[in-house]
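The sequence lines fix the lettering, A, B, ..., with proteins before strands; numbering per chain opens at 1.
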Number of protein chains: 2
Amino acid sequence: MNTTIGWEFYRSFLGVLKEGSLSGAARALGITQPTAGRHIAALEQALGVALFTRSQVGLMPTEIALALRPYAEAMESTAASLERTASSHGEGVRGVVRVSASDVIGVEVLPPVIARLRDRHPDLKVELVLTDRIHDLLRREADIAVRMMRPDQGQLVARRIGQIELGLHARKDYLARHGEPRTVAELASHSVIGYDQPSAFVRKTEKSVHGFSRDMFSLRTDNNLAQLALIRGGAGIGFCQVPIARRDDSLARVLARKFSLQLETWVTMHEDLRNSPRCRTTFDALVEGLQQYVA
Amino acid sequence: MNTTIGWEFYRSFLGVLKEGSLSGAARALGITQPTAGRHIAALEQALGVALFTRSQVGLMPTEIALALRPYAEAMESTAASLERTASSHGEGVRGVVRVSASDVIGVEVLPPVIARLRDRHPDLKVELVLTDRIHDLLRREADIAVRMMRPDQGQLVARRIGQIELGLHARKDYLARHGEPRTVAELASHSVIGYDQPSAFVRKTEKSVHGFSRDMFSLRTDNNLAQLALIRGGAGIGFCQVPIARRDDSLARVLARKFSLQLETWVTMHEDLRNSPRCRTTFDALVEGLQQYVA
DNA sequence: TACCTGCTATACATTTATGCATGAACACGA
DNA sequence: TCGTGTTCATGCATAAATGTATAGCAGGTA
């Protein structure tokens, strides 16, 4: 049961998976290429499986290596999480807290919230992970997450913020030049900014708004920040969060009655962290800041 | 962000926490005491916190060390889980699968199920973890768990087996000697086998059965197997699973109408393991075996 | 073709970590 | 009170892991 495989090997293994080569992993991990190679060789022997097929251009992971990757990643996030916990030792709110949020929230909403938080607690360091992927709190990839859906898992402390409304917007001068669409059908003659890959969002909208389809998008990107920037740049009509648009006088809402989607917003945290001052304080600050944003 | 703390140190750290001393950890890990000491010293310096207070009788963990322990344990179970996954590589059902269950189920019900499973798949090794503690599948402490409650967490493959009935039983010769109780009140003059620490089970029973209280227990143990053994040994009247008692002609049920508790039984597995032959096969075998047991 | 840049693999020197032996401090029991 | 069995800490020799340097191969580019 108590095997003797060094945990260091798993680090190198993960490094090679991430970088695609022994040399790259060595650079990333601060070791040398022969050492990385030896680690992989030792791990392969210990596990009794071939993890990579070697070539002169790098190392190709085998099927097994890909299957093992999530475990190595879990170990990595756990180690990082351990270090964050250790960093918070001492009086008051201090250490490193890791917050996950969508890119739009992270760029448009959180900065002042975090600034105020850091103002009050200078010893607190904040790591911001901006991704739409549901960062699994249970796997310790982040301490706190701002999510656009109700958390379905137990073991989480969750606070509902409310609903953020999503609507179609455009620059006023764009509308002045191209006219303002009064019906869904009229959208077809406009530059509509939307998603590239068909997403859950698109499917939901297609169901709720009659006459709407993905084909209407003439400017397509999956990057929400780029969509927002395109709207602000006057490139066309696109979706953005209503509270964000309201802050900008040059933006106007379009077809408000037809297009209105509500995003359930939650702040979540692993319940183990409830008694950690750094996480508790950050959690409360995020809840407060987001509530103000929604209101 | 990419820190440079060696993962090996966390192993030694966990070893010292488990064993309570450098020497003990060294023995357990197959290293020497000076090495273990150096690992702890290096880790303390790297984290910048004191993990243990040294003494000649061993090392006392500090508060921080205790807070960090769950993380180290998570890394350990993840590493073990990785090795199990690697062990299953190859054709057919092979490798190591780790099953968690309560001690009673593990001792009374699973052996023939596992025997049949291993008969069909000789390359499959089975680790049986018998504990009442909810082994967290999400933390990879086991691959598959037999639980007596509905799983509340997502990300799990769960199959409901049905309800296992729990009732009062005693040996027939005990009842012949002491008489069979006809009412709850009459139990007071009997040797009732029950729990030492007040458990959720007791509270539930006290609510559902009028006149019942923990004070009635004159033989107390928290070990379910010991309770079962006491019943079989004719020491008194106690709770056990009805299907188990039915297999034994010398046992009789007591106050069947008054005392009947249903245990929701589920077999659960992490959804990532659904496509792993060793886990899938074991899961199916457990479901089948338990369904037969319940029926 | 020749050259550059990336990669892996190997041979050898060196640093690093480990093990061994020992000493000192404490707890427990005769 | 004195031995016995723990423990942790330290100095030193050794083994083990690492780094350095180099060779060899593949792919792209002038």
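- In this structure, B/Pro34 and A/Pro34 both approach DNA chain D, and ranking their closest nucleotides by distance from the 5' end singles out B/Pro34.
- For B/Gln33 and D/dT10, the CD to P distance is 11 Å, given to the nearest whole Å.
- Rounding to whole angstrom units, CE of residue A/Met60 and P of C/dG6 are separated by 22 Å.
- Separating the OG atom in B/Ser21 from the CD atom in B/Gln33 is a distance of 9.0 Å, to the nearest 0.5 Å.
- With A/Arg118 contributing its side chain and A/Leu124 its backbone, the two residues share a donor-acceptor pair below 3.5 Å.
- Between A/Thr35 and D/dA17 there is no side-chain N or O to OP1 or OP2 distance below 4.0 Å.
- Between the side chain of B/Asp143 and the backbone N or O of B/Val97 there is no donor-acceptor pair closer than 3.5 Å.
- Taking CG of A/Leu110 as the reference point, atom CG of A/Leu128 lies at 6.0 Å (rounded to 0.5 Å).
- Note on B/Arg54: a side-chain N or O is less than 4.0 Å away from OP1 or OP2 of D/dA9.
- Residue B/Glu8 contributes atom CD, which lies 10 Å from atom P of D/dT18 at whole-angstrom precision.
- Taking atom CZ on A/Phe9 and atom C1' on D/dA16, their separation rounds to 11 Å, with Å as the unit.
- Within the structure, every side-chain polar atom (N or O) of B/Arg38 is placed at least 4.0 Å from both OP1 and OP2 of C/dT18.
- OP1 or OP2 of D/dT18 lies within a sub-4.0 Å distance of a side-chain N or O belonging to A/His39.
- Distance CZ (B/Arg27) to C1' (D/dG5): 12 Å, rounded to an integer number of Å.
- Phosphate contact (OP1/OP2 of C/dC7, side-chain N/O of A/Ser21, threshold under 4.0 Å): present.
- Mapped onto DNA chain C by nearest heavy atom, A/Leu59 and B/Ile31 fall at different nucleotides, with A/Leu59 at the one closer to the 5' end.
- OP1 and OP2 of D/dA26 both lie 4.0 Å or more from every side-chain N or O belonging to A/Ser55.
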Quiz: residues 34-47 of chain A side-chain donor-acceptor pairs under 3.5 angstrom, not counting sequence neighbours:
residue : atom : partner : partner atom : Å
A/Thr35 : OG1  : A/Thr32 : OG1          : 3.1
A/His39 : ND1  : A/Ser12 : OG           : 2.6
A/Glu44 : OE1  : A/Arg54 : NH1          : 2.9
A/Glu44 : OE1  : A/Arg54 : NH2          : 3.3
A/Glu44 : OE2  : A/Leu51 : N            : 2.7
A/Glu44 : OE2  : A/Phe52 : N            : 3.2
A/Glu44 : OE2  : A/Arg54 : NH1          : 3.2

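- Between the CD1 atom of A/Ile40 and the P atom of D/dT18 there is a distance of 12 Å, rounded to whole Å.
- Residue contacts shown for B/Gly37 are absent, as no nucleic acid heavy atom lies under 4.0 Å away.
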